[in-house]
Amino acid sequence: MNFDNLKKTDPLCYDLVLKEMERQENTLELIPSECIASLSTIEALGTPLTNKYSEGYAWKRYYGGNEYIDEIEKLAISRAKELFKVPYVNVQPYSGSPANFAVYCATCEPWDTIAGQSLLDGGHLTHGWSASMTGKFFNSVQYHVKGDGYIDIENVRKVILENKPKLVWIGASAYPREFPFKEIAEIAHQVGAYVAADIAHISWLVVSWVHPSPNPYVHIITTTTHKTLRWPRGGMIMVTDLWLQKDPDLWKKIDKAVFPWLQWWPHNHQTLAIAVALWEALSPSFVEQNFQIVRNAKFLAEKLQEKGFRLISWGTDNHLILLDVGPWRGIFLQEALDKAWITLNKNTIPEEPVSAFFPSGIRLGTPIMTMRGMKEHEMKKVADFIYRVSEEIKEFSYLDTKEERLEQMKKFKEYIEKNDSLLKIKKEVAELCSNFPIYR
Ligand code: DSN
């Protein structure tokens with residue numbers, strides 16, 4: 001990759017890009033929602049398609065000069081229909097959150113009741129959590145997982161039958177198990193709710209048939225495009241045959257919700273990159289890689305368990321693993337691992353004893369490592385790195401008073417800054433990464 005023009009025009013930004021690329025190369029990236037966009041999609045993102053305004057949909061634009069943009073958007077739509085086996089797709093949402101908000105606009109009136117999995121139990125902000133406007137503009141009721149980490153179907157039944165939501169979300173950001181699409185949708189259908197599956201984290205599993213598809217049970221499917229699909233950033237909304245059976249015209253509401261209710265101008269360079277990524281995803285190597293992501297996650301989970309870590313739900317069915325590391329330890333581990341160039345995120349666990357800001361868990365996943373070519377042999381090393389970092393900071397744990405905790409955090413930061421073992425692990429991590437370059 002070269003950025004000669006950027007280098008000439010803005011050396012400061014050029015330098016920051018190089019630094020970030022170097023960071024990505026040398027880091028073991030375990031955040032399960034991140035991926036490596038392919039070089040072709042990155043090239044597509046850098047095309048002059050970004051110059052064009054295209055208010056509206058293909059062949060119905062307000063501005064002229066959109067004949068090629070129309071072709072591109074149509075191509076993205078037809079490839080998405082083929083990949084996801086759905087009759088209707090909108091590829092214009094800027095990302096997952098705007099896509100989800102468009103679903104609310106298409107199906108609900110303000111203050112209608114909606115239901116989703118609680119954020120603290122692995123759910124997503126946009127499924128009605130109070131920190132998002134979806135939890136303020138709607139009467140949000142939340143369902144939970146059980147102490148063992150699996151979705152509590154009896155709780156789902158109670159929440160839905162008692163509150164009769166207009167819209168029910170199925171999907172989450174930190175759920176290591178298969179989603180019970182059928183069970184939740186059957187309950188939601190009893191109260192006549194719209195059912196939306198947000199498959200952002202697992203869309204690649206669904207299209208590779210590694211996870212059962214929600215298509216037969218739900219009306220709407222949303223996804224981001226930049227997680228394990230290996231695509232550029234963006235969002236999509238799909239309508240299934242089930243919805244078309246219910247109301248053949250309802251897809252028009254989705255289109256209307258995206259444009260003109262919420263967004264105006266599609267990001268054409270992004271649409272192009274999505275079209276290219278869809279083309280790549282229709283190839284068999286895409287499916288094989290997805291199987292390896294799951295194999296790596298299961299193997300890594302096993303190795304972490306052998307090292308004595310407590311896994312939520314005792315394992316994983318997908319690309320992510322949730323570890324219960326103890327109160328406040330989520331933040332300590334995230335920061336110490338960062339020093340060793342291992343990146344993951346702190347996360348709440350089921351029945352979280354502290355809070356989302358100082359949670360008791362960490363969330364990690366295998367997509368990027370697998371995309372770099374790492375397999376089971378490397379997963380064993382990764383488990384070992386995490387264990388060694390955890391041992392290095394084992395004296396830091398939750399303290400009773402706020403003053404004690406603040407004092408301890410200060411000491412912790414000084415400690416990890418000067419820790420030689422973390423530095424040694426960082427060198428080993430960089431060496432491992434150097435054998436698996438991101439863009440070969
Ligand atoms: N915040 C994203 C994640 O990391 O899972 C979901 O939107």
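When a ligand or atom number is given, it counts from 1 through the structure's own listing order.
Side chain to side chain, Asn435 and Glu431 fail the donor-acceptor criterion of an N or O pair below 3.5 Å.
Residues Val218 and Leu242 fail the side-chain proximity criterion, which asks for heavy atoms closer than 4.5 Å.
Residues Lys307 and Asp384 are paired through a salt bridge, judged by an N-O separation under 4.0 Å between the basic side chain and the carboxylate.
Checked against His127 for a ring pair (Phe, Tyr, Trp, His ring centres under 6.0 Å), the options Phe101, Trp169, Phe138 give a single hit: Trp169. Each of Lys227, His319, His211 was checked for a side chain to side chain donor-acceptor pair (under 3.5 Å) with His201, and the lone residue meeting it is His319.
Qualifying ring pair (Phe, Tyr, Trp, His ring centres under 6.0 Å) partners for Phe179, counting only residues two or more places apart in sequence or in other chains: Tyr175, Phe181.
Within 4.0 Å of ligand 1, the residues that place a heavy atom are Ser33, His124, Ser173, His201, Lys227, Arg363, listed by chain and number.
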